[in-house]
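Presented below is the structure to which this report refers.
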Amino acid sequence: MRFSGLRVLKEGLTGNRGWTPHWRDPDPNSDYDVVIIGGGGHGLSTAYYLARDHGITNVAVLEKGYLGGGNVGRNTTIVRANYFLPGNSEFYSHSLKLWEGLEEDLNYNVMHSQRGLINLFHSDGQRDAFARRGNAMLAQGDDAVLLGRDELRPMLPYLNFDDLRFPIYGGLYHPRGGTARHDAVAWGYARGADRRGVDLIQNCEVTGIDIEGGAVKGVQTTRGAIRAKKVAMVVAGRSSQVAALAGMRLPIESHVLQAYVTEGLKPCIDHVVSFGMGHFYISQSDKGGLVFGGDLDFYASYAARGNLPGVEQVMEAGMALMPMIGKARVLRSWGGIMDMSPDGSPIIDKTHVDGLFVNCGWNYGGFKAVPGSGNVLAHLIATGTHHQNATGFRLDRFRTGRGIIDEEGKGSQHNLH
Amino acid sequence: MRLAGRGLIDRSKPVAFEFDGARHSGFEGDTLASALLANGVRVMGRSFKYHRPRGVLSAGSEEPNALVTVGAGDAREPNVRATMQEIHEGLQAWSQNRWPSLGFDLMAVNDLAAPFLGAGFYYKTFMWPRSFWEKLYEPVIRRAAGLGALSGQAGGERYERAHAFCDLLVIGAGPAGLMAALVAGRAGADVILADEQARMGGRLLAETYEVDGQAGHLWADVVLAELDALPNVRRMGRTTVFGAYDGGTYGALERVLHHSGRRPRGAPVETYWTIVAKRAVLAAGAIERPVAFRNNDRPGIMTAGAVRAYVNRWGVSPGQSVAVFGNSDDAHRTARDLLAAGVHVPAVIDSREDAPESRDFELRRGAVVCDASGRRGLEAVTIRTAQGEERIAADALAVTGGWNPTVHLTCHMNARPVWRDDIACFVPQEGAVPGLRAAGACNGAFSTATCLREGAAAARAVLEELGRTVRDEPLPEAEDDPYRIAPLWAVSGKGRAWLDFQNDVTVKDVKQAAQENFRSVEHMKRYTTQGMATDQGKNSNVAALAVLADATGRGIPQTGTTTFRPPYSPVAIAALGAGAEGKGFRPERFATSHAASIERGAPMIEAGLWYRPSYFPRDGESDWRQSCDREVGYVREAVGVADVSTLGKIDIQGKDAAAFLDFVYSNMFSTLKVGRVRYGLMLREDGFVMDDGTTARLGEKHYLMTTTTAAAGEVMKHLEFVHQGLQPDWDVRFVSVTEQWAQFAVAGPKARELLDGILDAPLDAADWPFMSCGAVSVGGIAGRLFRISFSGEQGFEIAVPARYGAALFDILTDRAEALGGGPYGMEALNVLRIEKGFITHAEIHGRTTAFDIGMGRMVSAKKDCIGKTMSERPGLLEADRERLVGLKPINADGRMLAGAHLFREEDPPVRENGQGYVTSVCHSPMLGQMIGLGFLKGGSDRHGEIVKMWDGLRGVTTLCEVTGPVFFDPDGGRMRG
Amino acid sequence: MRIPCPLCGTRDRREFWYRGAAVDLERPAPDAGVEAWDDFVYLRENPAGPTRELWYHEGGCGAWLVVERDTVTHEIGRVALASEERS
Amino acid sequence: MVELVARTPCAGLLPLRVGAVLLDEVAPGALTSVSPYKGQAEALSKVLQAAHGMGFPAPSRATGDRQARAIWFGHGQAMLVGPAPDPALADHAALTDQSDAWAAVRLHGPGAEDVLARLVPVDLRAGSFPEGHSMRSLLFHMTASITRIEDGAFLILAFRSMAATLVHDLQTAMEAVAARG
């Protein structure tokens with residue numbers, strides 16, 4: 001079924017009885033060309049692009065819970081391409097281009113809203129660092145505008161321009177940055193993949209990876225053994241556990257990142273805004289809730305929930321930066337499990353096992369990468385070569401020291417990002 | 001309608017308030033909802049999507065409909081539950097999410113379009129044309145959505161936070177909670193009793209049952225009086241425990257002043273508490289659920305428990321003629337309470353065929369309400385019996401579909417509640433939160449007697465665990481009626497039957513979601529927005545998942561619940577972030593010269609937590625550059641004075657101090673002579689540069705390390721780790737002395753002259769070569785002197801105990817001025833160091849190695865050190881890495897910008913061609929042009945090459961010559977001289 | 001989350017700074033080879049369950065602690081001073 | 001010879017009284033960080049006892065009195081408060097002058113505990129933190145040393161450079177406590 005305004009009208013007039021499932025619930029076959037472990041945003045988009053771009057449709061996505069139940073459904077929905085280091089820069093640029101037009105491509109309204117993103121800076125040194133970033137964005141062919149304090153004021157009048165502990169010097173404006181409806185992204189890709197013949201198998205946990213003679217042969221699951229020529233692990237949040245099934249240890253530590261939404265409010269924040277002197281980023285959803293987040297709780301965790309010191313840090317940053325949100329009430333907090341890599345950048349690569357691929361290490365930033373990540377992983381799986389926009393996400397970069405991608409400059413060691 | 005002679009309000013204290021500009025009157029003890037009901041106001045809000053007129057549904061914090069805006073100006077508070085807002089003199093409240101008025105809302109047109117606005121409709125449309133999303137669709141949706149509005153102003157009201165500790169936290173002060181607090185309090189335990197209501201007692205205030213032979217609320221008062229007399233019991237009223245966290249930590253919000261118009265100076269309106277409790281008893285009660293039927297959202301339809309609360313606690317009837325609909329004996333109890341209060345009850349509609357007979361009222365057994373009419377207020381309900389449909393006039397309907405235990409806190413640490421078929425609800429999983437026990441209605445115990453029993457038992461168990469002796473005391477007598485319920489979630493039939501009132505999610509929506517294969521309860525929630533409104537599904541989630549279970553042919557336990565997340569009820573950001581507004585975000589660190597710098601008109605800039613002077617303006621100077629150039633001139637030509645106290649200083653002592661420094665620095669310190677200073681480079685274990693600074697050897701076993709201002713804390717932590725974690729056997733001790741010493745750079749050709757004028761004994765040049773240090777005396781005070789330079793001039797840093805810092809700064813600047821110099825700020829300091837090619841964190845920004853900054857040889861080959869092995873990874877030693885260079889425009893008026901990128905002259909500025917970037921620039925008064933430092937691929941081998949500096953952001957392209965990083969006095973003669 | 005500091009008693013998480021797996025205490029010899037160093041600095045077990053990690057009582061006594069903790073339940077087990085754990 | 005005039009960390013900021021709670025700056029005398037070398041703790045304690053009349057404090061405790069105190073100051077460290085350190089101590093411990101590094105204030109009066117409860121995440125009620133107890137913790141965003149001294153008063157030490165924030169934070173909490181009555 002094709003979705004459109006007309007369709008909504010027609011169904012509305014006939015009692016909405018004609019809607020059909022967005023995807024099937026097939027039982028797993030015994031054999032696939034490609035098995036993707038993980039039915040989150042990245043796994044689903046990988047399946048979609050395998051089918052769309054490479055004609056590989058004998059594909060199963062195995063999800064231990066429900067589709068889109070991981071980080072794609074628990075993030076702050078920010079979409080941007082404002083990275084500056086080679087490796088990241090071209091990849092996120094590529095991903096943003098896929099976002100643009102995703103609705104038509106998927107025939108699903110993911111509500112990608114390019115409302116503009118502004119990173120604030122609070123010192124000359126930060127301005128210089130953001131200038132370097134902005135210039136990298138321009139050199140990549142993306143958009144960036146360096147705004148001074150006086151240009152920012154009319155755009156974001158609610159910021160504390162008067163007595164902020166770290167005064168606002170200006171901001172790096174990324175007009176094409178914005179947000180999207182996170183769940184819809186997962187569903188849109190799921191529906192798109194399903195329509196192209198991919199089997200989406202929920203409640204199917206992978207319990208083993210079959211390797212013979214250094215090559216992958218299939219997986220063991222709670223719904224039986226499945227043979228596969230190629231297997232991709234796309235399970236951010238559980239990467240270390242799944243990789244362990246293939247005898248691998250990854251340069252990953254798992255952390256909880258909390259995020260928050262307030263009660264619905266009339267429009268008051270039109271952009272995505274991030275604070276430069278404390279981890280804090282915020283936007284307002286189309287329903288009116290302020291959606292915001294900050295830093296990790298900062299301890300290894302698989303609990304998908306956080307603690308109060310983490311909460312307070314974020315709220316304090318919010319109160320410092322834009323005290324007008326003080327009377328907005330936090331309605332809900334949640335925690336996502338982040339694959340934290342040593343340099344803060346992801347890994348999309350082959351492994352030491354033939355036919356086994358890994359996609360992990362998304363740190364805070366996996367949501368915006370959903371289209372790009374699936375697209376380049378599909379390329380790698382289908383062609384055996386890295387996509388031209390994803391040559392930097394190598395698994396061995398820490399061992400060799402070559403191509404470490406440390407955007408934040410905090411170091412390439414665990415727990416500095 | 002106010003009922004004569006009923007309720008716990010104080011009729012001797014009338015209170016005037018306004019709603020939507022109209023004046024009303026209530027009594028002390030009223031909530032806004034009870035007072036509005038008493039005044040005959042039935043419509044209190046509009047729903048989110050369809051803008052349907054809505055009346056109050058509940059009498060508690062779970063209220064989904066009666067959300068109002070309270071207060072004005074910067075005290076404006078949106079989305080206040082009318083059921084929780086106590087009225088006070090002068091209270092002003094407004095309805096919200098309507099235009100132009102609550103009675104006539106143009107957005108209600110959405111209700112007519114409802115067939116097209118069902119579950120998930122927006123995922124299927126608004127896709128064409130593409131550009132319309134941001135321009136048209138989204139703005140329209142955003143304006144229609146949302147509830148109340150923020151004032152847009154910074155808060156004029158104060159919020160605060162506080163910490164509390166106790167043996168036992170009792171959450172909820174109904175019969176179970178009171179009993180738990182009483183038993184634990186009598187046994188001497190340190191108890192906190194918290195309850196979200198203004199008045200403690202829970203359902204005892206809303207029901208007519210007796211406890212211990214007296215009215216329930218009177219028994220509650222007796223218990224509360226006893227608790228108040230116990231010094232070991234703290235009562236926290238108007239306090240919602242909103243979250244359970246690790247380690248027995250609970251988040252709680254106390255509403256301190258919302259019930260009053262008073263705002264005493266310094267008083268917070270809310271206090272956010274973190275309560276650390278050895279044990280907790282959850283006695284949070286239960287929330288009644290409505291039954292879904294066509295038009296069940298009409299104003300005047302409310303939960304039966306709420307009706308009893310309004311009648312019994314507030315002396316208000318929601319109508320003249322109140323019908324009752326339900327599936328348990330609660331329906332009967334409600335009718336009896338209404339009748340006792342003199343309210344007409346046209347019928348009790350009980351869905352159970354086997355409901356107990358009653359002679360007190362008209363009972364329809366095996367019947368359901370299947371429709372309701374009256375858009376702005378209920379007029380009649382239609383009931384369906386075996387005989388057919390029948391219309392019954394009523395202006396209010398009390399509905400009970402059963403009770404849902406308030407299990408929320410037990411689920412905050414990821415446990416799921418357990419379904420109990422016998423009472424048709426979810427109850428807490430035992431041990432779900434370590435140290436927390438559920439008791440009473442939140443545990444599925446619905447009679448007063450079982451609540452008392454469970455409360456007492458929970459307290460006893462806690463006392464035993466805490467090792468306290470427990471006296472066995474008899475429980476008070478109370479009602480112990482069985483809870484008889486026949487599940488009823490939704491009445492079948494045409495039309496829309498509401499589940500989630502605020503978000504306008506109907507039974508049809510849930511069924512459609514299932515039809516579209518959103519069968520997981522999480523999918524259904526996210527697709528329909530069920531349970532995502534301000535009540536987080538407290539009123540509707542269980543019914544919705546029952547509908548989903550039905551639609552998917554599964555049982556309720558197999559369908560499962562969505563995840564319960566904190567906070568239990570919404571908490572203001574201002575409370576959770578209290579104290580951080582403005583300067584409170586981080587401590588302010590002031591150097592001892594701060595006041596003097598301010599006095600001289602210096603703009604202060606943030607450096608870490610410190611403030612440092614940017615420059616010291618003089619009369620007649622029109623911009624900072626003039627001041628900066630003048631200050632650079634002081635240092636280059638006379639003498640300049642700068643406060644450098646903010647740099648980190650660490651005192652290191654012990655027989656292994658030298659070995660320790662050799663291990664944490666890449667270069668050698670064991671070979672440093674006493675009385676000398678050496679520059680050191682510190683690496684992280686990953687081989688990248690972490691920090692740099694000078695370290696002085698004050699004695700054989702005594703060093704003084706300097707760190708950068710920004711990295712002082714990080715370095716201290718690192719040193720502690722290396723010592724405690726890696727080399728615990730080494731006998732070395734260190735302590736920060738950053739705060740102890742006020743330290744000033746005195747730099748320039750006349751530096752020595754200045755110092756000779758203030759030191760108690762003049763300096764002997766022979767004793768003070770470059771990179772020496774030692775003790776000095778100034779004004780009889782023991783100080784330290786270091787001959788070091790960050791400017792390239794003959795430089796000293798003089799340190800005195802901080803109490804003398806302000807005085808010394810004044811003396812130094814006065815003397816400097818007398819010698820043709822004066823104080824200099826960060827701008828000049830930056831120019832001076834760039835001219836000399838000295839690096840700061842602009843260059844050692846975390847991604848650079850010693851090799852990159854041209855200090856590869858500072859990683860000593862003779863010894864191990866932190867970071868050494870990893871710095872030798874092949875990728876970190878490749879010649880084409882970006883390496884530190886100097887950059888100089890080929891035209892003297894060429895402009896440079898930090899953050900610009902470098903390209904070959906002929907290459908277009910695209911990423912693939914990137915050659916490097918610029919880190920620091922300044923206008924060099926010495927060279928008379930701009931200069932910069934930057935990183936260039938293979939830069940050390942490209943001196944003399946012309947590269948293109950490109951800054952697309954600011955539209956500047958400048959051809960620059962690549963040079964060594966030292967622009968001025970490259971052989972360092974001035975510094976050493 | 002609360003951590004029982006052997007010196008200060010049980011304190012709120014906010015007083016502590018987290019470093020990561022206690023692997024960091026097992027620093028290899030400089031010449032131990034690429035594998036050993038890659039293991040030490042980068043590769044992690046990252047278990048979903050009990051683990052042993054390093055915390056610094058930064059807002060308290062300044063002691064580095066070895067903390068046994070469960071990454072799923074956040075339950076804290078044995079806590080020891082890193083200096084004593086080593087020597 | 002030039003003359004250097006001394007200035008205390010809280011000059012111009014204190015004293016302060018809000019409601020029943022008082023906050024004064026105290027002049028503690030010399031502050032000396034004392035960190036025993038390896039295996040020297042006992043010997044140090046003896047010298048400390050002989051020279052200054054009190055032993056090295058156990059963790060979370062303070063020894064001595066108004067004239068001379070030894071406050072436990074963290075891992076392997078105590079702060080000798082009052083007298084100039086006896087030189088013999090240096091044989092057993094690293095001594096570092098900290099006399100100018102810390103702002104020292106005294107918070108007292110009924111409600112002082114409630115004031116600190118707004119800033120410090122540790123139970124400082126007399127039952128769990130009686131006289132003679134001392135601790136290192138956070139005071140809102142800064143680190144501090146807090147000791148319950150005579151008369152139930154609290155001796156608070158915080159970084160000198162943060163004195164203004166220390167006073168601001170305490171004053172805010174004092175006002176909030178006073179406003180509740």
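Since this is a predicted model, take the numbers as computed values, not measurements. Here is how names work: the chains are called A, B, and so on, in the same order as the sequence lines, proteins then strands, and each is numbered from 1.
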K287(A) meets the salt bridge (Lys or Arg N to Asp or Glu O under 4.0 Å) criterion, sequence neighbours left out, with none

Contact origin within D25(A) toward chain B - heavy atom pairs under 4.5 Å: both

Answer yes if the ring centres of Y123(B) and H22(A) are under 6.0 angstrom apart, and no otherwise. no

Does D246(B) come within less than 4.0 Å of R305(A), counting only side-chain N to carboxylate O? yes

Should the pair E270(B)-K327(A) be classified as a salt bridge under the 4.0 Å nitrogen-to-oxygen rule? no

Pair E11(A) + K124(B), salt bridge at N-O below 4.0 Å: no

Main chain of L265(A), side chain of N79(B): is a donor-acceptor contact present, judged purely on distance under 3.5 Å? no

Proximity breakdown for A186(A) and chain B, heavy-atom pairs closer than 4.5 Å: neither

Looking at R130(B) and E103(A), is there a salt bridge between them, counting it only when a charged N and a carboxylate O are closer than 4.0 Å? no

Show the nearest heavy-atom pair for residues T274(B) and E312(A), with the distance to one decimal. CG2-OE2, 3.9 Å

V521(B) and Y66(A), any side-chain heavy atoms less than 4.5 Å apart: no

If I measure from the heavy atoms of chain B, does R7(A) come under 4.5 Å with its side chain, its backbone, both, or neither? neither

Pick whichever of A900(B), G146(B), G584(B), G846(B) has the most heavy-atom pairs under 4.5 Å with chain A. G146(B)

Set of residues satisfying salt bridge (Lys or Arg N to Asp or Glu O under 4.0 Å) with respect to R165(A), sequence neighbours excluded: none

Are D183(A) and R526(B) ion-paired here, with the side-chain N under 4.0 Å from a carboxylate O? yes

Trace of the side chain to side chain contact (heavy atoms under 4.5 Å, CB included) decision for V571(B) with M315(A): CA-CA 11 Å; V571(B) 182; M315(A) 305 299 159; over 6 Å; no

Among R881(B), R76(B), Q512(B), H523(B), which residue has the highest count of heavy-atom pairs closer than 4.5 Å to chain A? H523(B)

Would you mind reporting whether R402(A) and P874(B) have side-chain heavy atoms less than 4.5 Å apart? yes

Using non-hydrogen atoms and a 4.5 Å limit, figure out which bit of A129(A) sits close to chain B: side chain, backbone, both or neither. neither

side-chain hydrogen bond (donor to acceptor under 3.5 Å, both in side chains), that's the test. Do E263(A) and T534(B) meet it? Break it down for me. CA-CA 6 Å; E263(A) 297 177 337; T534(B) 58; 5.1 Å; no

Relative to chain B, which segment of Y173(A) carries a heavy atom at a distance below 4.5 Å: side chain, backbone, both, or neither? neither

Presence of salt bridge, R115(A) and E134(B), under 4.0 angstrom: no

Counting only heavy atoms not in L6(A), do more than 12 fall under 6.0 Å of its CG? no

What pair of heavy atoms forms the shortest contact from L146(A) to L953(B), and how long is it? N-CD2, 3.9 Å

Backbone N/O of N135(A) and side chain of D951(B): donor-acceptor pair under 3.5 Å: no

Can you say whether S412(A) sits under 4.5 Å from chain B via the side chain, the backbone, both, or neither, judging by heavy atoms? both

Nearest heavy-atom pair of G411(A) and R684(B): which atoms, and what distance? CA-NH2, 2.8 Å

Treating D163(A) as the side-chain partner and G582(B) as the backbone partner, does any N or O pair qualify as donor plus acceptor under 3.5 Å? no

